[in-house]
Amino acid sequence: MTAWLLIAALLPAMGLGADWPPQDDPWQPVRFLEGSWTGTAEGRFGRSTITRTYSFVLEGAYLHERHRSVYPPQEQNPEGEIHNTWSFFSFDRDRGLLVLRQFHDERIVNRFVLDTALSQGNRVVFDTEAIENFREGWRAREAYTVISQDEFVEEFFLGAPGEDLVLFVTSHFKRSPSLTPP
């Protein structure tokens with residue numbers, strides 16, 4: 001119970017909560033991401049360790065993410081692998097929404113838009129508008145649950161045509177004081 005009270009107390013300071021969407025700062029829902037992070041993930045391809053950085057680029061026009069997951073050889077992924085992603089958050093002034101574009105090393109590009117109905121309290125949710133270079137009709141969701149200014153959980157969901165979204169990977173991040181971008 002004490003943890004939930006702490007989260008509730010931190011929400012206004014993090015810009016999340018009753019004032020949704022934020023009127024004065026369109027970056028407020030994702031501003032907490034700025035900085036360096038390390039974490040672990042577990043999902044369909046097994047367990048991985050993650051390094052990630054977020055920084056505003058081009059005079060604050062975009063929030064740029066650099067991501068690297070390292071999957072050691074394991075039962076779900078016998079050969080192991082390294083997965084790199086670059087992402088960019090932008091603010092679409094015409095729609096008044098944040099947009100997230102992910103560029104994966106497999107040449108898959110996801111374009112997500114902020115789901116204001118599902119983004120409540122300490123949770124920020126993005127749903128796909130389009131997926132390039134992947135099977136037609138699939139969709140995805142990226143959800144961030146803020147634990148504190150120095151910790152968050154990310155969930156990635158994937159859905160086949162006509163089927164519900166299914167949790168694919170859960171990642172847990174903690175802020176790292178300094179990290180070279182992956």
(request) Provide the closest heavy-atom pair for Val124 versus Pro29 in the form atom of the first, atom of the second, distance. (result) CG2-O, 3.5 Å
(request) Using a strict 4.0 Å threshold on nitrogen-to-oxygen distance, state whether Lys174 and Asp150 make a salt bridge. (result) no
(message) Check for me whether the distance between the ring centres of Tyr62 and Phe91 falls short of 6.0 Å.
(response) no
(message) Quick one, Pro161 and Glu163 - any side-chain contact, counting heavy atoms below 4.5 Å?
(response) no
(message) According to side chain to side chain donor-acceptor pair (under 3.5 Å), does anything in residues 100-109 pair up with another residue at least two apart or in another chain? List the pairs.
(response) His83-His104, His83-Asp105, His83-Glu106, Thr85-His104, Ser90-Arg101, Gln102-His104, Gln102-Asn110, Gln102-Glu142, His104-Asn110
(message) Are the side chains of Thr116 and Leu97 in contact, using a 4.5 Å heavy-atom criterion?
(response) yes
(request) Taking the side chain as every heavy atom from C-beta outward, state whether Leu98 and Val113 have any pair of such atoms under 4.5 Å apart. (result) no
(message) For Tyr144 and Phe152, take the angle between the two ring planes, folded into 0 to 90°, and tell me which bin it lands in: parallel under 30, tilted 30 to 60, perpendicular over 60.
(response) tilted
(message) Enumerate the side chain to side chain donor-acceptor pair (under 3.5 Å) contacts for residues 127-138, please, sequence neighbours excluded, ordered by first and then second residue.
(response) Arg95-Glu129, Arg111-Glu129, Asp127-Arg141
(message) Quick check on Phe134: does its CZ atom have over 12 non-hydrogen neighbours (other residues, nucleotides or ligands) under 6.0 Å away?
(response) yes
(request) Could you check whether the rings of Phe88 and His64 sit parallel, tilted or perpendicular, using 30° and 60° as the cut-offs? (result) parallel
(message) Please find the pair of heavy atoms, one from Val70 and one from Pro72, that lie closest to each other, and give the distance.
(response) O-CD, 3.5 Å
(message) So if I apply the ring-ring contact (aromatic ring centres under 6.0 Å, His included) rule between Trp27 and each of Phe32, Tyr54, Phe56, which one comes out positive?
(response) Phe56
(message) Under 4.0 Å between a side-chain nitrogen and a carboxylate oxygen: does that hold for Glu155 and Arg123?
(response) yes
(request) For residues Glu154 and Thr170, determine if any side-chain heavy atom of one lies less than 4.5 Å from a side-chain heavy atom of the other. (result) no
(message) Using side-chain heavy atoms (C-beta onward) and a distance below 4.5 Å, is Ser55 in contact with Thr53?
(response) no
(message) Let's go through Ile50 and Phe173 carefully: what are the C-alpha distance in whole Å and the side-chain angles of both, what is the deciding distance for side chain to side chain contact (heavy atoms under 4.5 Å, CB included) to 0.1 Å, and is it a yes or a no?
(response) CA-CA 8 Å; Ile50 305 168; Phe173 290 92; 3.5 Å; yes
(message) If we ignore hydrogens and angles and just use 3.5 Å, is the side chain of Gln74 paired with the main-chain N or O of Tyr71 as donor and acceptor?
(response) no
(request) Measure the shortest side-chain to side-chain distance between Ile108 and Ile131 over non-hydrogen atoms and say whether it is less than 4.5 angstrom. (result) yes
(message) Distance check, rounded to the nearest 0.5 Å: Glu42 atom CD versus Ser48 atom OG?
(response) 9.5 Å
(request) Using a 4.5 Å cut-off on heavy atoms from C-beta on, say whether the side chain of Val166 contacts that of Arg44. (result) yes
(message) Looking at every heavy atom in both Pro73 and Pro78, which two are closest together, and how far apart are they?
(response) CB-O, 3.2 Å
(request) Consider only side-chain heavy atoms of I, L, V, M, F, W and Y, link residues closer than 4.5 Å, and tell whether Phe157 and Val146 are in one cluster. (result) no
(message) I'd like to know if the side chain of Ser119 reaches the main chain of Val125, judged simply by a donor and an acceptor atom lying under 3.5 Å from each other, with no hydrogens or angles considered.
(response) yes
(request) Could you grab the distance from atom CZ of Arg52 to atom OG of Ser171, nearest 0.5 Å is fine? (result) 6.0 Å
(request) Would you check, one step at a time, whether the test side chain to side chain contact (heavy atoms under 4.5 Å, CB included) holds for Phe89 with Phe112? (result) CA-CA 9 Å; Phe89 290 87; Phe112 295 90; over 6 Å; no
(message) Please find the pair of heavy atoms, one from Ala140 and one from Leu158, that lie closest to each other, and give the distance.
(response) CB-CD1, 4.0 Å
(request) Check whether any side-chain heavy atom of Leu63 sits under 4.5 Å from a side-chain heavy atom of Val30, and report yes or no. (result) yes
(request) Give a yes or no on whether Phe126 and Val169 share a hydrophobic cluster (residues Ile, Leu, Val, Met, Phe, Trp, Tyr; joining criterion: side-chain heavy atoms under 4.5 Å apart). (result) yes
(message) Taking CZ in Arg175 as the centre, count heavy atoms belonging to other residues, nucleotides or ligands within less than 6.0 Å. Is the count above 12?
(response) yes
